[in-house]
Amino acid sequence: MNLVAHFYLDRDLVNSYFTVGAATPDLLSIYNSSLRIKARHLRLLSEEDLGKITPPFLDGLNRHFFADGIFHTSPTFHASTKRISTMLEEYFPDLEVKRKFFVGHILLELLLDKVLINLNPGILESYYGHFEALQPFRDIQRSIEIAVGHPVPNYETYLTKFLRKKWLYAYADAEHIAWILKRILRRVRIRNTHYLTSPNFFKLMQDFEEELTEYHELFFTEIRTAADM
């Protein structure tokens with residue numbers, strides 16, 4: 001899942017540390033594509049170090065890992081990525097799209113955020129409000145450095161820029177979604193991305209977004225059901 005979906009899952013919680021914690025793994029990978037935090041990093045921490053991390057921030061991190069684990073193994077996720085892969089073959093019959101399921105994975109997460117933004121006016125204002133409440137982010141930087149086990153230079157500055165720019169509002173623009181997807185594919189050395197700017201690809205995005213709008217709540221039902229088991 002991506003940033004908005006993680007917030008939507010637990011949007012009724014009012015603790016800003018939890019919200020920012022749930023966003024942190026994705027924000028770190030944007031801040032530095034080679035920097036990742038995984039659930040195993042937290043499992044390796046001593047009780048003393050865990051005790052130094054702001055508790056609701058740690059809860060948010062753990063919620064992120066749990067939600068992603070259910071999301072990426074759910075029947076709805078597999079059906080959705082397969083659907084996008086099939087659509088790529090249908091909309092581009094003369095083109096060999098590299099790593100179709102990976103493309104489908106990333107596009108699904110981006111369009112899920114787009115659907116949530118479109119259907120929930122004010123969700124981004126609420127989301128960014130949690131970040132505003134935690135400025136100047138010193139405690140967030142301290143907690144994440146304990147979690148990853150090394151300094152994360154200028155992360156406070158990055159979060160300030162993330163809050164100021166508010167680029168999640170641009171998810172309403174299909175061209176911006178295609179631009180993000182292109183950047184991600186280039187990062188994993190997929191160079192053949194010219195089709196992402198074609199009318200057929202924008203039609204594919206529009207058609208899949210309409211389908212996703214009808215069933216997107218299934219993702220969150222699957223996660224909540226798994227959490228209650």
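Along the sequence shown, residues are numbered consecutively beginning with 1.
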Peer 1: So, the side chain of S143 versus the backbone of I140: is there a donor-acceptor pair under 3.5 Å, distance only?
Peer 2: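 The answer is no, because no donor-acceptor pair under 3.5 Å joins these two groups.
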Peer 1: Give, for atom CD1 of I70 and atom OG1 of T76, the distance between the pair rounded to the nearest 0.5 Å.
Peer 2: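 Output value for this atom pair is 12.0 Å.
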Peer 1: Within the structure provided, determine whether I180 and W167 are in side-chain contact (heavy-atom separation under 4.5 Å).
Peer 2: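 No, their side chains stay 4.5 Å or more apart.
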Peer 1: Say whether, by atom type as modelled, one donor and one acceptor occur between the side chain of D113 and the main chain of V4 under 3.5 angstrom.
Peer 2: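 Looks like yes, one N/O pair under 3.5 Å.
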Peer 1: How long is the straight-line distance from CG of L112 back to CG of L107, given to the nearest 0.5 Å?
Peer 2: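 Reported to 0.5 Å precision, the distance equals 11.0 Å.
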Peer 1: If you look at every heavy atom in A226 and F66, which pair is closest and at what distance?
Peer 2: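 Minimum heavy-atom contact is C-CZ, 3.8 Å.
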Peer 1: Looking only at heavy atoms, what is the nearest atom pair of P75 and E222, with distance?
Peer 2: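 Nearest heavy atoms, P75 then E222: CD-OE2, 3.8 Å.
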Peer 1: Quick check: closest heavy atoms across F208 and L111, and the distance to 0.1 Å?
Peer 2: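 Closest approach of F208 to L111, heavy atoms only: CD2-CD1, 3.7 Å.
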Peer 1: Should I117 and L119 be counted in the same cluster of Ile, Leu, Val, Met, Phe, Trp and Tyr side chains packed under 4.5 Å apart?
Peer 2: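 Yes, it is one cluster - the side chains of I117 and L119 are joined through contacts under 4.5 Å.
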Peer 1: What heavy-atom pair brings P25 and F65 nearest, and what distance separates the two atoms?
Peer 2: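 Shortest heavy-atom contact: CG-CE2, 3.9 Å.
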Peer 1: Could you walk me through whether L9 and R224 satisfy the side chain to side chain contact (heavy atoms under 4.5 Å, CB included) test, starting with their C-alpha distance in whole Å, then the side-chain angles of each, then the deciding distance to 0.1 Å, before giving a yes or no?
Peer 2: CA-CA 8 Å; L9 174 66; R224 294 183 185 115; 4.0 Å; yes
Peer 1: Short question: side chain of S126, backbone of I123 - any donor-acceptor pair under 3.5 Å?
Peer 2: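 Here the side-chain-to-backbone pair does not exist.
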Peer 1: What is the ring orientation for H105 with F102, classed by angle as parallel under 30°, tilted 30 to 60°, or perpendicular over 60°?
Peer 2: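 Correct class here is perpendicular.
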Peer 1: Shortest non-hydrogen contact from I190 to T193?
Peer 2: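 For I190 and T193, the tightest heavy-atom pair comes out as O-CG2, 3.5 Å.
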Peer 1: Return the OG to CD1 distance between S74 and I223, rounded to the nearest 0.5 Å.
Peer 2: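 So the gap between those two atoms works out to 7.5 Å.
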Peer 1: When you compare the side chain of F7 with that of H130, does any pair of heavy atoms fall below 4.5 Å?
Peer 2: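 Contact flag for H130/F7 side chains = yes.
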Peer 1: Using ring centroids (six-membered ring only for Trp), state whether F219 and F71 fall under 6.0 Å.
Peer 2: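 Ring-ring flag for F71/F219: true, centres closer than 6.0 Å.
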Peer 1: Checking side chain to side chain contact (heavy atoms under 4.5 Å, CB included) for the pair R43/K38: CA distance, chi angles, key distance, verdict?
Peer 2: CA-CA 9 Å; R43 291 194 294 267; K38 303 290 186 182; over 6 Å; no
Peer 1: Of E209, M205, K182, which is the lone residue that meets side-chain contact (heavy atoms from CB on, under 4.5 Å) with I177?
Peer 2: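 Of all the options given, the one that passes is M205.
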Peer 1: Counting C-beta onward and ignoring hydrogens, is there a side-chain heavy-atom pair between V97 and F201 closer than 4.5 Å?
Peer 2: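 V97 does not reach F201 side chain to side chain.
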Peer 1: If you count heavy atoms of other groups shown closer than 6.0 angstrom to CD of E132, is the number above 12?
Peer 2: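 Yes, because the 6.0 Å sphere around CD of E132 holds more than 12 heavy atoms from other groups.
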Peer 1: Just by modelled atom types, is the T213 backbone N or O under 3.5 Å from a matching donor or acceptor in the H216 side chain?
Peer 2: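 Confirmed, H216 side chain pairs with T213 backbone.
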Peer 1: Could you state whether L110 and Y215 fall into the same hydrophobic cluster, counting links through intermediate Ile, Leu, Val, Met, Phe, Trp or Tyr residues with side-chain heavy atoms under 4.5 angstrom apart?
Peer 2: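 Yes, L110 connects to Y215 through the hydrophobic network.
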Peer 1: Starting at CD of E89, measure out to CG of L95 and round the result to the nearest 0.5 Å.
Peer 2: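 CG of L95 is found 11.0 Å from CD of E89.
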Peer 1: Using 0.5 Å steps for rounding, measure from the CZ atom of R183 to the CD1 atom of I30.
Peer 2: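 Those atoms lie 9.0 Å apart.
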Peer 1: Name every donor-acceptor pair, under 3.5 Å, that has one atom in a side chain of residues 153-164 and the other anywhere in the protein, sequence neighbours excluded.
Peer 2:
unit_1, atom_1, unit_2, atom_2, d
Y158, OH, L27, O, 3.3
T160, OG1, E156, O, 3.0

Peer 1: N200 versus F92: any side-chain heavy-atom pair under 4.5 Å?
Peer 2: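 A side-chain contact exists here, since the closest heavy-atom pair is under 4.5 Å.
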Peer 1: Would the distance check show the side chain of E145 and the main-chain N or O of H150 forming a donor-acceptor pair, the cut-off being under 3.5 Å?
Peer 2: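 No; judged by distance alone, with no hydrogens or angles, the pair does not exist.
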Peer 1: Quick one: are L88 and Y195 in side-chain contact, heavy atoms under 4.5 Å?
Peer 2: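 L88 reaches Y195 side chain to side chain.
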Peer 1: Do W179 and D173 have side-chain heavy atoms sitting under 4.5 Å apart?
Peer 2: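 Not in contact.
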Peer 1: Are the side chain of R138 and the backbone of Q135 linked by a donor-acceptor contact shorter than 3.5 Å?
Peer 2: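 Not a single qualifying donor-acceptor pair exists.
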Peer 1: Mark yes or no: R11 above the aromatic ring of Y8, with NZ or CZ under 6.0 Å from the six-membered ring centre and no more than 45 degrees from the axis.
Peer 2: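 The answer is yes, since R11 meets both limits relative to Y8.
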Peer 1: Other than L13, which residues form its hydrophobic cluster under the rule that side-chain heavy atoms must be closer than 4.5 Å?
Peer 2: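 Taking Ile, Leu, Val, Met, Phe, Trp and Tyr as members, L13 shares its hydrophobic cluster with F18.
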Peer 1: Tell me whether the count of non-hydrogen atoms from other residues, nucleotides or ligands lying under 6.0 Å of NZ in K166 goes above 12.
Peer 2: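 It does: K166 NZ has more than 12 such atoms within range.
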Peer 1: Quick one: closest heavy-atom pair of S80 and L108, and the distance?
Peer 2: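 In terms of heavy atoms, the two residues are closest at CB-CD2, 3.8 Å.
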Peer 1: If we count only N and O atoms by modelled type, under 3.5 Å, do the side chains of S198 and Y91 hold a donor and an acceptor together?
Peer 2: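 Per modelled atom types, S198 and Y91 side chains form no pair under 3.5 Å.
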Peer 1: Out of curiosity, L3 CG to L116 CG, how far, rounded to the nearest 0.5 Å?
Peer 2: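 Going from CG on L3 over to CG on L116, the span is 12.0 Å.
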Peer 1: Taking only distance into account, with no hydrogens and no angle test, what donor-acceptor pairs under 3.5 Å do side-chain atoms of residues 48-64 form with protein atoms, sequence neighbours excluded?
Peer 2:
unit_1, atom_1, unit_2, atom_2, d
T54, OG1, D139, OD2, 2.7
T54, OG1, R142, NH2, 3.4
N62, ND2, L58, O, 3.3
R63, NE, D10, OD1, 3.4
R63, NE, D10, OD2, 2.9
R63, NH2, D10, OD1, 3.1
H64, ND1, H6, NE2, 3.2
H64, ND1, A22, O, 2.7
H64, NE2, D68, OD2, 3.2

Peer 1: Does T73 use its side chain to pair, donor to acceptor, with the backbone of G69 at less than 3.5 Å?
Peer 2: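 Flag set: sc T73 to bb G69 pair under 3.5 Å.
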